[in-house]
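Only heavy atoms go into these numbers, but all of them, side chains included; no hydrogens, no water, no symmetry mates. We're numbering straight along the sequence, starting at 1.
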Amino acid sequence: MSGIILRDIRKSYPGGPEILHGVSMDIKSGEFIVIVGPSGCGKSTLLRLIAGLERCEQGDIEIGGKRANDLAPQDRDIAMIFQNYALYPHMTVRENIAFGLELRGMPKAERNARAQNVARTLQLEAYLDRKPGALSGGQRQRVAMGRAMARNSSIFLMDEPLSNLDNALRVAMRTEIKELHRQLGATIVYVTHDQTEALSLADRIAVMKDGDLLQFDTPEAIYDQPQNRFVAGFLGVPAMNFLPVEHLPGWQGRANLTAGLRPECMAIRAEKPREPALPARLMLSEMTGSDMILHCDSPAGRITLISPRKDVPRHADNFWVTCDLDRAVFFDNQSGSRVDLSAGDRRI
């Protein structure tokens, strides 16, 4: 059992405001959980509380069925991977991977064998006798992961582990981390501000803002049914469009709402279609390969949509945009919370 339960976790520092406002989560054994949110939202503080690097004065932390508030970090069966790798520059890759085992008193032959096995899994065997300064950023990150793996911990905590890598390496490392999770079956709690990492890695995502947990659900549920406007706008590239309902084509009903439409829920038409549509003027286009991202001006405001490149009219700045309102999500203008509408409330 290596699950983690957080109950009403609150954190503040002397003389300062409360950083975490009653965060609760039930993380199941073997889950890959990603905590995502803007800088300063409290996600790294929450991770440090789980690790025991910060003291939890309010609320309860349960690890593997046992209360862990007063447990020292080394007694929590947790391995932590930091943003800056935290490797020892004077040690070889082999020595870095085995260092934690040496502190535990494991015999040299056994810890070297463990380091060799971990290096084989991470494709680091050719670098075992090199020092970190002779490695690329991606290789150094794999060494940091190897050091954590060598401990045979049941829980891995990862704090922005890929933020120092370039985009190509981040994509490659995401694949490696996901494969490692499949192999190890360990519980992983992963902190990032990168929504692409969150959507591609997580079994469930915890979205935080200003010390509050706004939604904790599967990537599909958070993407398709966000609980509030912040979550809707934070997850997804390009971002969700927010349009006043009174400006939507074919709308009749409550005017105190904003409709959220993902860019893929809108389509362009060269000629005015029979179904309700918005007139739009192209402001900027971006080619992403076979698709185009189109940024347009319309009576409902600025909208962004994704269209197959072959469907975009050439040399045309004006066209029509249809909206799939069956896939829209609606938000109250005052509270920002999602509003579930009946079919009769929606449109003509």
Side-chain angles (χ1 to χ4, degrees), residues 2 4 27 29-37 43-54 63 68 72-89 91-104 111 114-115 117-124 127-128 131-132 135-166 169-194 196-198 200-203 205-206:
S2 57
I4 303 169
I27 299 170
S29 178
E31 273 196 300
F32 197 130
I33 300 301
V34 176
I35 304 175
V36 68
K43 54 188 185 295
S44 291
T45 299
L46 188 63
L47 202 71
R48 292 175 64 84
L49 287 167
I50 297 172
L53 302 177
E54 298 276 358
I63 298 174
Q74 63 268 25
D75 297 326
R76 298 191 181 202
D77 192 25
I78 281 173
M80 191 156 185
I81 301 172
F82 296 93
Q83 175 181 348
N84 61 0
Y85 317 136
L87 301 178
Y88 295 103
M91 292 184 180
T92 65
V93 168
R94 187 192 315 273
E95 290 166 339
N96 266 286
I97 292 175
F99 183 68
L101 306 178
E102 183 179 358
L103 292 179
R104 293 183 175 187
R111 65 178 184 258
R114 180 85 61 86
N117 289 335
V118 168
R120 185 180 304 114
T121 299
L122 293 171
Q123 300 178 26
L124 288 170
Y127 310 101
L128 279 169
K131 293 182 178 178
L135 303 177
S136 69
Q139 290 163 346
R140 288 196 294 270
Q141 187 56 270
R142 275 186 278 162
V143 175
M145 292 168 60
R147 186 172 54 192
M149 290 170 58
R151 295 179 55 189
N152 277 345
S153 298
S154 58
I155 296 172
F156 289 76
L157 306 181
M158 301 186 180
D159 191 5
E160 304 265 13
L162 307 184
S163 61
N164 289 335
L165 305 181
D166 61 38
L169 272 176
R170 282 203 303 272
V171 173
M173 288 300 297
R174 284 202 302 265
T175 303
E176 291 189 21
I177 290 172
K178 192 70 173 177
E179 176 60 18
L180 276 174
H181 177 246
R182 188 190 66 79
Q183 292 178 15
L184 300 174
T187 304
I188 295 180
V189 183
Y190 185 108
V191 160
T192 183
H193 64 275
D194 187 319
T196 303
E197 288 180 20
S200 61
L201 289 173
D203 294 323
I205 298 173

### Message
Assess the residue pair Arg111 and Arg104 against the criterion (side chain to side chain contact (heavy atoms under 4.5 Å, CB included)); give the C-alpha distance rounded to whole Å, side-chain angles, the decisive distance to 0.1 Å, and a yes or no.
### Response
CA-CA 10 Å; Arg111 65 178 184 258; Arg104 293 183 175 187; over 6 Å; no
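- Glu197 has its side chain out of reach of Val36: every pair of non-hydrogen atoms, C-beta onward, lies at least 4.5 Å apart.
- Judged purely by atom type and a 3.5 angstrom limit, His181 uses its side chain to pair as donor or acceptor with the backbone of Ala186.
- Thr92 has its side chain out of reach of Leu128: every pair of non-hydrogen atoms, C-beta onward, lies at least 4.5 Å apart.
- Take Asp203 and apply the side chain to side chain donor-acceptor pair (under 3.5 Å) test, not counting sequence neighbours, and it matches no residue.
- Rounding to the nearest 0.5 Å gives a distance of 7.0 Å between CG of Leu49 and OG1 of Thr45.
- For residues 135-159, every residue pair satisfying the salt bridge (Lys or Arg N to Asp or Glu O under 4.0 Å) rule, not counting sequence neighbours, is listed here: Arg142-Glu176.
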### Message
Assess the residue pair Gln141 and Ile81 against the criterion (side chain to side chain contact (heavy atoms under 4.5 Å, CB included)); give the C-alpha distance rounded to whole Å, side-chain angles, the decisive distance to 0.1 Å, and a yes or no.
### Response
CA-CA 9 Å; Gln141 187 56 270; Ile81 301 172; 3.4 Å; yes
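- Judged purely by distance below 3.5 Å, without hydrogens or angles, the side chains of Asn117 and Arg114 never pair a donor atom with an acceptor atom.
- The two atoms that bring Lys43 and His193 nearest to each other are CE-N, 4.0 Å, heavy atoms only.
- Closest of all the heavy-atom pairs between Ile155 and Leu157 is CG2-CD2, 3.9 Å.
- Applying the salt bridge (Lys or Arg N to Asp or Glu O under 4.0 Å) test to pairs two or more places apart or on separate chains, none has a residue in residues 78-89.
- The two atoms that bring Tyr190 and Pro161 nearest to each other are CE1-CG, 3.4 Å, heavy atoms only.
- Under the 4.5 Å side-chain criterion, counting only non-hydrogen atoms from C-beta, Asp77 is in contact with Ser153.
- Contact detail for Val191 and Ser44: the closest heavy-atom pair is CG1-OG, 3.9 Å.
- Atom-to-atom distance recorded for Leu135:CG and Leu87:CG is 8.0 Å, nearest 0.5 angstrom.
- You'll find the side chain of Leu162 stays beyond 4.5 Å of the side chain of Thr192, heavy atoms only.
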### Query
Checking side chain to side chain contact (heavy atoms under 4.5 Å, CB included) for the pair Leu47/Met80: CA distance, chi angles, key distance, verdict?
CA-CA 9 Å; Leu47 202 71; Met80 191 156 185; 3.7 Å; yes
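- When side chains are defined from C-beta on, Phe156 counts as touching Leu184, because their heavy atoms get closer than 4.5 Å.
- For the atom pair CE of Met149 and OG1 of Thr121, the computed distance is 5.0 Å after rounding to the nearest 0.5 Å.
- Sparse packing is recorded around CD of Gln123, with 12 or fewer heavy atoms of other residues, nucleotides or ligands lying under 6.0 Å away.
- Side-chain contact between Lys178 and Arg174 is absent, with no heavy atoms from C-beta onward closer than 4.5 Å.
- With sequence neighbours excluded, no residue forms a side chain to side chain donor-acceptor pair (under 3.5 Å) with Thr196.
- With sequence neighbours left out, Gln139 forms a side chain to side chain donor-acceptor pair (under 3.5 Å) with Tyr127, Ser136.
- Checked against side chain to side chain donor-acceptor pair (under 3.5 Å), Arg182 has the following partners two or more places apart in sequence or in another chain: Glu179.
- Atom OG of Ser2 sits about 15.0 Å away from atom CZ of Arg76, to the nearest 0.5 Å.
- Minimum heavy-atom separation, Ala98 to Ala115: CB-CB, 4.3 Å.
- The shortest heavy-atom contact between Ala198 and Ile205 is O-CD1, 3.5 Å.
- With a 4.5 Å cut-off on side-chain heavy atoms, Ile63 and Ile78 count as touching.
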#### Entry: Stepwise side chain to side chain contact (heavy atoms under 4.5 Å, CB included) test for Leu122 and Ile97
CA-CA 11 Å; Leu122 293 171; Ile97 292 175; 5.8 Å; no
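- In this structure, Val118 and Met145 have side chains that are not in contact, with every pair of non-hydrogen atoms separated by 4.5 Å or more.
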